[in-house]
Structure formats: C-alpha cells, structure tokens
There are 2 protein chains.
Amino acid sequence: MNIGDVAQRAGVPAKTIRYYEEIGLVTPQRAANGYRHFRPIDLHKLAFIGRARALGFTIEDCRTLLALYSDDSRQSAQVKAVAQDHLRQIDEKIAKLVSMKETLSALVQQCAGDHRPDCPILADLADPAPRPFILP
Amino acid sequence: MNIGDVAQRAGVPAKTIRYYEEIGLVTPQRAANGYRHFRPIDLHKLAFIGRARALGFTIEDCRTLLALYSDDSRQSAQVKAVAQDHLRQIDEKIAKLVSMKETLSALVQQCAGDHRPDCPILADLADPAPRPFILP
DNA sequence: CTTGACCTTCCAGTTGCTGGAAGCCTTATG
DNA sequence: CATAAGGCTTCCAGCAACTGGAAGGTCAAG
C-alpha cells in the first residue's frame, strides 16, 4: 500500500505519517520507485498510534505503548501506569479549564454587551476583584 | 523599575516579558545602561496580560483586549464577543478532554494492572471495541 | 577590588504537526 | 504517443508561547 491508502484507512494524514517516519515511530519499506511501501502491520501500527493520539497520549507515550504492545514479557501494570498518569494530566487540564470557564462566564454574565464602553471583563483584567474564598 | 521587579510584581517571568517586548505587546523604555525601564503603566499592562493569559486568552486576544481597554469609544459588546468566543473554545476543549477521560478511565478500570501481560488498554488501541451508541 | 546578583543579546529547542514549493512517477485519455 | 491529472518524493518554513542556556556587560555591597 502507498501512503495515500494507509492515510485513508488509518485515519491519519499522509503528511503526519511522513512525520511519524521522520521521528522513527514507523518504518515503512521503500519500493523501487522511492515510494513508501506499507505492509498491513504498518497500517495496524498507524491505526494504533492514531487511536492513542485521539486519547490524548503524547508521541512519547505512543512510543512506550507500542513498545509494551510488542513486548511479550510486559506486565499490564506498566500499561496501566502510563494510562493512569495520562488520566491524571487530563484531570488537571480539565480542572484548569473549568476554573477558567467559571471565572470567565461569571464576567461575561455581568457584561451588558451593548454600545456603552463600561465592561466588567476589562475592569477585572485591569484590576481584579478578589476571588471568593474557596475552602480546600 | 527593572525587569526583575516587574516580573515579580506582575507575576510574569522576566523571560516572558522580554518575549512580550519582542512581539510588540509591551514597549518599555530603556535606561542609559541599556536596561529596560518599566513605568507603572507598563507594570499594569503586564499584570493585565498576565491575568488574560491565566484565563486562557491567546496573545492575539490579549492584543485585542488591550486595544479595547485603551479605546474610549469601545462598546462592551466587542469585549463580550471576544470573551464569549473564548468561552466557546474552552467548552470545546473541556468536552474533548471529558470524552477522552471517559474512554480512558473505562479502560483503566478494566485493566488488572498486575504482572500478567494481558491488557484491555493495549487490546483496545490495537483493535478498538465498538463504542456504545450514544443518542444525540 | 572582587564577588554575586542583575541585566543584556542571541540562538536553539520544545510539541506535533501543517503548508507549500519543486520536481519525479503513474495512469488515463485524446 | 503526448499530455494532463493526480499521487508521490524531499526540503524548508511556520505555528503558539514560551523556556533554557551561553557569553558577556552593570551595579551595589563588603
């Protein structure tokens, strides 16, 4: 298979696949004409990476996961550790975003959004109101 | 004030302030010795930027917000529009992360996390189970 | 006078692609 | 058989928003 086919089937852009080869994530063979030649196993690997990326794993995580996948002597605890670590980072990101959202939507609600210049959003950025005290 | 002071008071790293100058976000004066000289207004601006960044606004958003802030003929609707747009993007990010989190935590729960190699996380990445049908 | 804390500039690297240019290769059509 | 369209190749540049580090000037204290 050529790169276009694989891209379509794995759901990963051709450009991205070339990049993955560049960083050594995949190593397709080459045809006589210089085209990359992908075997089914390469397609499988790319689909694996695509799904891992869709779950937010970093490229380095993907490398680790692929290594574990092809390691017969792996322990599922190793995989779980990677996933749990990632899960923790997702939670952190969500918490941060939710906190932003709360602050921002409170400000947006207070803003008249009309033709007048007075704006609590700008006022808060310029000189923030003390945040309500939140117990830990 | 020198950059160290401003950095401390505005809560923005000195390195970042230099970067902000480079991209024209702030324009401190210069002392005879070549040191950047920050006036109170510069500090205020940096604190403004710092808070906007903490709310997740992009640098370009910051530029826009600063322009609106110093525009007497602004309409609060303009500010509100920027904020609402940003809020929408935050919501999108949260939704994406929550979706990842759901999938991933389901997998993590199914993983024994012991010394054996069998792992539903890897199994799913290699060959995903059909996702449960979710009504819109 | 020296030491140490600041400050300066410049360069490079981060993450994960993405776009574009210039130029082969292949296949279908006139 | 010529050509045009589409696919493939490489290489270079750029995005966002910093961050780290090297090499060197400046300043205040002891």
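Residue numbers start from 1 in every chain, and the chains themselves are labelled A, B, ... in the order their sequence lines are given, proteins ahead of strands. Computed from heavy atoms alone, side chains included, the values below leave out hydrogens, waters and symmetry copies.
- Enclosure of atom CD1 in A:Ile23 by more than 12 non-hydrogen atoms of other residues, nucleotides or ligands within 6.0 angstrom is indicated.
- Nucleotide C:dT15 holds its P atom 12 Å from the NZ atom of A:Lys93, rounded to whole Å.
- Looking at A:Val26 and A:Asp42, their side chains never come closer than 4.5 Å, going by heavy atoms from C-beta outward.
- Between the CG atom of A:Asp5 and the P atom of C:dT26 there is a distance of 15 Å, given to the nearest Å.
- In this structure a side-chain-to-backbone donor-acceptor pair under 3.5 Å is present from B:Gln78 to B:Gln75.
- Rounded to a whole Å, the CD1 atom of A:Ile3 is 20 Å from the P atom of C:dC24.
- A close approach under 4.0 Å does occur between a side-chain nitrogen or oxygen of A:Arg36 and OP1 or OP2 of D:dT10.
- For the pair A:Ile17 CD1 and C:dG19 P, the computed distance is 15 Å after rounding to whole Å.
- Summary of the strand contacts: B:Ile59 and B:Lys15 both lie near DNA chain D, and taking for each the nucleotide with the nearest heavy atom, the more 5' one is attributed to B:Ile59.
- Looking at heavy-atom distances under 4.0 Å, B:Arg18 makes contact with a base.
- The two residues B:Ala47 and B:Ala10 have their closest heavy-atom pair at N-CB, 4.0 Å.
- For the pair B:Asn2 CG and C:dA5 C1', the interatomic distance rounds to 12 Å; values are reported in whole Å.
- B:Arg53 has a side-chain polar atom (N or O) that falls below the 4.0 Å cut-off from OP1 or OP2 of D:dC18.
- Considering only side-chain N and O atoms, B:Thr16 lies under 4.0 angstrom from the phosphate OP1 or OP2 of D:dT19.
- Distances shorter than 4.0 Å separate none of the side-chain N or O atoms of B:Asn33 from OP1 or OP2 on D:dG25.
- At the heavy-atom level, A:Ile23 lies nowhere under 4.0 Å from the strands shown.
- Distances were taken from every side-chain heavy atom of B:Tyr19 (C-beta onward) to each of D:dA17, C:dC6, C:dC17; the shortest belongs to D:dA17.
- No side-chain heavy atom of B:Lys93 sits under 4.5 Å from any side-chain heavy atom of A:Lys93.
- Rounded to a whole Å, the OH atom of B:Tyr35 is 6 Å from the C1' atom of D:dC27.
- Rounded to an integer number of Å, the gap from OH of A:Tyr20 to P of C:dG16 is 8 Å.
- Rounded to an integer number of Å, the gap from B:Leu25 CG to D:dC18 C1' is 13 Å.
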